Amino acid sequence: MLEMLKLWREGAGEAEIKGQPGPGKRIAAIDASDIETEERVRQREFIDLRELESSGRVTEGRVYSLFTMEDTQADILGVFAQLQYGRSRFQVRIAAEDFCPWLKTPGKNQLMKNGETPRQFARRYIRNHISATIHYCVKQIVPGDGGEMVIYASRLEAMGRLARQYYFNPDPQGCIQVGDEVLGRIVSTHTHSLMVEVAGVETYIEAGEVSWGYHLDYRREEKYQVGQKLWVKVLELERNERDKRVTHLRVSGRQAQINPKISEIENFRVDGEYPATVVRHLETGSIVAFEDSEMDGFVTFSTQFERPAVGQRVLVRLLRVDRKHLKLYGFVTTKMGMR
């Protein structure tokens, strides 16, 4: 037991405890001056749709519904996004093949469930984007049956433009390198991980690299919803200069943040009681995440009741506050409801 506690206590290295963002530059790729962001678009009183079509400018819009074939609801053909200029609103159609990058990527990707086909994954992926803000490029504008203008767009083309601009830019100050921090956007949330779009490239933030604390389920966290912005640090990057394609990108949300535990641990004291949620079991105890905090701690239990299940809310009395290693130790006094 002492050895297990020693390993857990010393699991955070010196760099983790300092928690300083890396030495690279910061690039706000999704808020760049040449992108028609939602806020800029809304402030305009007039928009020349033909100019938007011919320029191929990257534009922001919000996904508000899906469209399917009239005779079946079994397959999603694409999404309706909304483009708003001043008081005028326009409907933008984006086909599934122009929305989901995984449909054009052969083989199984790491977020597909067992037995799931690429098309089934695309359907689930697209549904996750309802109400999310996305980038797209207008491809064509044609008159509709009722005389209205129908706008067809491509999200993948917008992603490609951003990727070429930020990963193959000859100017070092405008080109993303390992160690840089980039403003990305969440495109999919999962229990212990996130999928983010970083300057036109979708990549997976692995468990343990999303944030400094333990989170039971990122899908339930308000600040990790699809469409929201997130600073990430580039850890690994591989490019194919021949076809201008990023072949590998690994990022961390945690390493782009100053470690909040440095200040939050000052809110905890020995013999104090604090609400927490059980997030993981060890052989001799459990790890809990304290509410309204990124702090976690190792706890044991009274023999008066059984070990709480993962997801159980508990009240913890602290026995030790280790400010050097940013760790808390205590025991559970009360079991509360499930989260």
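The shown structure was predicted, so the numbers you read here are calculated from the model rather than taken from an experiment. The first residue in the sequence is number 1, and the count goes up from there.
- Each of Glu238, Arg239, Glu236 was checked for a side chain to side chain donor-acceptor pair (under 3.5 Å) with His248, and the lone residue meeting it is Glu236.
- Atom NZ of Lys139 sits about 14.0 Å away from atom CD1 of Ile151, to the nearest 0.5 Å.
- Here the side chains of Phe80 and Val63 are not in contact, with every heavy-atom distance at 4.5 Å or above.
- Glu197 pairs with exactly one of Lys229, Arg155, Arg185 by the salt bridge (Lys or Arg N to Asp or Glu O under 4.0 Å) rule, that one being Arg155.
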Check step by step if salt bridge (charged side-chain N to carboxylate O under 4.0 Å, His left out) holds for Glu209 and Arg254.
-> CA-CA 5 Å; Glu209 289 294 341; Arg254 179 174 65 91; 3.1 Å; yes
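- The backbone N or O of Ala95 sits nowhere less than 3.5 Å from a side-chain atom of Asp98 that would complete a donor-acceptor pair.
- Annotation: side chain of Leu237 is in contact with side chain of Val246 (closest heavy-atom distance under 4.5 Å).
- Between the OG1 atom in Thr133 and the CD1 atom in Ile186 there is a gap of 12.0 Å [rounded to 0.5 Å].
- Nearest approach of Ala309 to Val278, heavy atoms of both residues: O-CB, 3.6 Å.
- One distance of note links CD of Glu181 with CG of Leu183; it measures 11.0 Å at 0.5 Å rounding.
- In this structure, the separation between CD1 on Ile265 and NE2 on His325 is 11.0 Å, given to the nearest 0.5 Å.
- In this structure, Arg323 and Val321 have side chains that are in contact, with non-hydrogen atoms separated by less than 4.5 Å.
- Grouping the Ile, Leu, Val, Met, Phe, Trp and Tyr side chains by contacts below 4.5 angstrom, directly or via other members, places Met295 apart from Phe331.
- Contact between Lys261 and Glu294 at its shortest, heavy atoms only, is CE-O, 3.2 Å.
- Looking only at side-chain heavy atoms (C-beta outward), Val182 and Tyr166 stay at 4.5 Å or farther from each other.
- Put simply, the side chain of Trp212 does not reach to within 4.5 Å of the side chain of Leu326, judged on heavy atoms.
- Note that CG of Leu318 and OH of Tyr329 are 12.0 Å apart. Values are rounded to the nearest 0.5 Å.
- Once rounded to the nearest 0.5 Å, the distance linking CG of Asp171 with CD of Gln165 reads 11.0 Å.
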- request: Evaluate the side-chain contact (heavy atoms from CB on, under 4.5 Å) criterion for residues Ile176 and Leu249: first the C-alpha distance (whole Å), next the side-chain angles of each, then the deciding distance (0.1 Å), finally the verdict.
  value: CA-CA 11 Å; Ile176 294 174; Leu249 181 66; 5.8 Å; no
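- Using the six-membered ring where Trp is involved, Tyr274 and Phe268 have ring planes that are tilted, between 30° and 60° apart.
- Under a hydrophobic clustering in which Ile, Leu, Val, Met, Phe, Trp and Tyr are joined whenever their side-chain heavy atoms come within less than 4.5 Å, directly or via other members, Val226 and Val251 fall into different clusters.
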>> Go through it in stages, so that I can follow the logic: the residues are Arg161 and Arg57, the test is side-chain contact (heavy atoms from CB on, under 4.5 Å), and I'd like the CA-CA distance, side-chain angles, deciding distance and then a yes or no.
In response: CA-CA 9 Å; Arg161 286 176 180 267; Arg57 189 180 300 123; over 6 Å; no
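- Between Thr59 and Val92, the closest side-chain pair of non-hydrogen atoms is not below 4.5 Å.
- When the side chains of ILVMFWY residues are joined at heavy-atom separations under 4.5 Å, either directly or via intervening members, Tyr152 and Tyr64 end up in two distinct hydrophobic clusters.
- Nearest heavy-atom pair across Val279 and Val310 is O-CG1, 3.9 Å.
- Residues Phe301 and Ser286 approach most closely at CZ-OG, 3.3 Å, considering heavy atoms.
- Two different hydrophobic clusters hold Tyr204 and Leu235 under the rule that ILVMFWY side chains link at heavy-atom gaps under 4.5 Å.
- When side chains are defined from C-beta on, His129 counts as touching Phe99, because their heavy atoms get closer than 4.5 Å.
- Counting all heavy atoms, side chain and backbone alike, Lys335 lies closest to Pro308 at CD-CG, 3.6 Å.
- Under the 4.5 Å side-chain heavy-atom criterion for ILVMFWY residues, no single connected hydrophobic cluster contains both Leu319 and Val316.
- Ser252 places no side-chain N or O within 3.5 Å of a backbone atom of Lys233 that could act as its donor or acceptor partner.
- In terms of heavy atoms, Gly227 sits closest to Ala132 at CA-CB, 3.9 Å.
- Between the side chain of Lys244 and the backbone N or O of Phe168 there is no donor-acceptor pair closer than 3.5 Å.
- Of the possible donor and acceptor atoms, one in the side chain of Thr333 sits under 3.5 Å from a partner among the backbone N and O of Leu315.
- With a 4.5 Å cut-off on side-chain heavy atoms, Ile94 and Ser154 do not count as touching.
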